[in-house]
Amino acid sequence: MNRRISVAIDGPAGAGKSSISKVVAKKLGYLYIDTGAMYRGITWALLNAGISIDDVDAVEAALSKIQLELRVEETGLSVWVNGTDVSQDIRTQYVTSHVSQVAAQKAVRTKLVEMQRHMASAGGVILDGRDIGSIVLPNAELKVYLTASVETRGHRRWLELKDSENISLEEVCRTVAERDAMDMNRKESPLVCVDDAVVVETDHLSIEETVQTLVDLIRKAELGGHHG
Ligand code: DC
């Protein structure tokens with residue numbers, strides 16, 4: 001019987017981390033934890049409460065009043081804030097354009113990293129985010145850095161958004177590049193590709209090919225063949 005390991009998947013916005021991780025987790029019977037959705041949930045809660053998100057003290061004070069929950073449902077993971085399902089609302093461009101600023105704050109990260117480690121403690125988990133291999137699960141048996149060019153990632157995000165929001169491809173690419181810059185250059189837990197991560201570039205891979213690449217890497221790591 002294979003070991004059930006911890007898998008850390010990091011990479012920039014729009015690299016396909018969550019779509020891929022979701023499918024891979026389902027195939028392997030692993031729990032998938034979308035840590036970006038947690039940062040989005042906190043951002044939604046702050047905006048909804050009218051908190052000025054650049055006021056670090058106000059954000060820190062508000063955190064204790066935000067009850068964030070990830071629920072595993074038939075249809076996937078849902079995100080709840082103070083008893084309300086915000087799974088759809090956290091994907092809007094409004095939340096997207098504010099989330100990097102919230103995710104850069106130490107108090108926010110401390111709260112969420114603690115929750116993430118707790119959820120991952122039993123193994124058999126795939127966590128995706130920006131700091132999973134570096135901070136959240138530095139001892140993960142497998143670390144993957146999933147990436148693609150800004151153009152590829154912007155185009156994917158635009159395809160997801162274009163029917164519900166009036167937004168151009170150029171604007172989405174600009175947002176992707178801005179988020180990259182904020183996520184990679186912030187002081188608190190910036191997005192980095194750690195030395196022991198396997199880099200998977202998805203520009204020329206289909207979803208199915210990327211899923212298979214990850215399934216193969218995880219199977220190998222479960223056997224102890226890869227110490228990452
Ligand atoms: O993956 P995503 O687009 O849903 O992530 C939303 C934002 O949260 C992104 O701008 C970076 C931040 N984030 C983070 O700082 N650390 C994580 N582990 C996950 C996401």
Side-chain angles (χ1 to χ4, degrees), residues 6-22 25 32-47 53-54 59 63 66 68 70 76-79 81 86-120 125-138 140 143-148 150 152-161 165 167 172-194 197 202:
S6 298
V7 181
I9 303 195
D10 291 299
K17 296 184 301 295
S18 56
S19 342
I20 303 292
S21 304
K22 212 180 292 173
Y32 163 55
I33 299 168
D34 176 353
T35 67
M38 299 170 72
Y39 288 93
R40 287 170 179 272
I42 297 287
T43 304
W44 181 90
L46 294 168
L47 293 170
I53 57 163
D54 46 14
V59 167
L63 282 179
I66 301 173
L68 179 74
L70 287 191
L77 213 60
S78 62
V79 181
V81 169
V86 296
S87 310
Q88 305 286 323
D89 299 345
I90 61 169
R91 303 288 161 197
T92 58
Q93 186 66 12
Y94 182 57
V95 170
T96 301
S97 60
H98 291 89
V99 62
S100 288
Q101 210 178 336
V102 172
Q105 298 182 30
K106 192 174 180 159
V108 175
R109 305 203 69 85
T110 303
K111 174 182 168 108
L112 294 189
V113 167
E114 193 189 318
M115 280 179 74
Q116 290 155 11
R117 286 187 181 145
H118 182 70
M119 290 188 285
V125 287
I126 300 178
L127 271 72
D128 83 344
R130 305 294 190 286
D131 60 339
I132 310 301
S134 57
I135 307 283
V136 181
L137 302 176
K143 300 179 186 179
V144 175
Y145 191 82
L146 204 66
T147 188
V150 169
T152 301
R153 294 184 284 118
H155 189 251
R156 288 180 189 155
R157 274 280 145 109
W158 178 72
L159 288 178
E160 286 168 9
L161 287 173
E165 303 204 24
I167 191 162
V172 178
C173 285
R174 200 176 333 114
T175 311
V176 165
E178 278 168 14
R179 287 175 64 208
D180 283 359
M182 282 198 73
D183 294 342
M184 290 174 185
N185 298 319
R186 69 182 178 214
K187 196 167 131 262
E188 294 297 332
S189 317
L191 167 64
V192 285
C193 177
V194 290
T202 68

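Start at 1 and go down the list; that is how both ligands and their atoms are numbered. Scope of the values below: all heavy atoms of this structure, side chains included, with no hydrogens, waters or symmetry mates.
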With side chain to side chain donor-acceptor pair (under 3.5 Å) as the rule and sequence neighbours excluded, what pairs involving residues 125-135 come up? Tyr32-Asp128, Arg109-Asp131, Arg130-Asp183
For atom 8 (O) of ligand 1, find the nearest protein heavy atom and state the residue, atom name and distance (0.1 Å precision). Tyr39 CB, 3.6 Å
Considering only distance and modelled atom types, tabulate donor-acceptor pairs under 3.5 Å from the side chains of residues 14-22, sequence neighbours left out.
{"unit_1": "Lys17", "atom_1": "NZ", "unit_2": "Gly11", "atom_2": "O", "d": "3.0"}
{"unit_1": "Lys17", "atom_1": "NZ", "unit_2": "Pro12", "atom_2": "O", "d": "2.9"}
{"unit_1": "Ser21", "atom_1": "OG", "unit_2": "Lys17", "atom_2": "O", "d": "2.5"}

Checking the N or O distance criterion of under 3.5 Å, is ligand 1 in contact with Asp34? no
Pairwise distance CG(Leu112) to CD1(Ile42) - rounded to 0.5 angstrom: 5.0 Å
Protein heavy atom at shortest distance from atom 1 (O) of ligand 1: Arg130 NH1, 3.0 Å
Please check whether Asp131 reaches ligand 1 - meaning an N/O of the residue sits under 3.5 Å from an N/O of the ligand, judged on distance alone. yes
Heavy atoms from other residues, nucleotides or ligands near CD of Glu188 exceed 12 (cutoff 6.0 Å): yes
May I ask you to list the atoms of ligand 1 that are less than 4.0 angstrom from any heavy atom of Ala103? 12 (C), 15 (O)
Using a 4.0 Å heavy-atom cut-off, say whether Arg40 meets ligand 1 through its side chain, its backbone, both or neither. side chain
Kindly say whether Ser189 contributes a backbone atom to a donor-acceptor pair with the side chain of Arg186 at under 3.5 angstrom? yes
Proximal atoms of ligand 1 relative to Asp183 (non-hydrogen, under 4.0 Å): 9 (C), 10 (O), 11 (C)
Taking distance alone, with N or O pairs closer than 3.5 Å, would you say Arg179 contacts ligand 1? yes
So if I count the atoms of ligand 1 from 1 in the order they appear, which ones are less than 4.0 Å from some heavy atom of Thr35? 17 (C), 18 (N), 19 (C)
Is it true that Arg186 lies under 4.0 Å from ligand 1, counting heavy atoms only? yes
Work out which heavy atom in Val150 is nearest to a heavy atom in Ala177; give both atom names and the distance. CG1-CB, 4.3 Å
If we check side-chain contact (heavy atoms from CB on, under 4.5 Å) with Leu127, which of these qualifies: Val7, Ile9, Val136? Val136
Aromatic ring pairing Tyr94/His98, orientation class (parallel under 30°, perpendicular over 60°, tilted between): perpendicular
Is Arg109 in contact with ligand 1, taking contact as a heavy-atom separation below 4.0 Å? yes
I want to confirm something. Looking only at heavy atoms, which of Ala104, Gly36, Ser100 is nearest to atom 20 (C) of ligand 1? Gly36
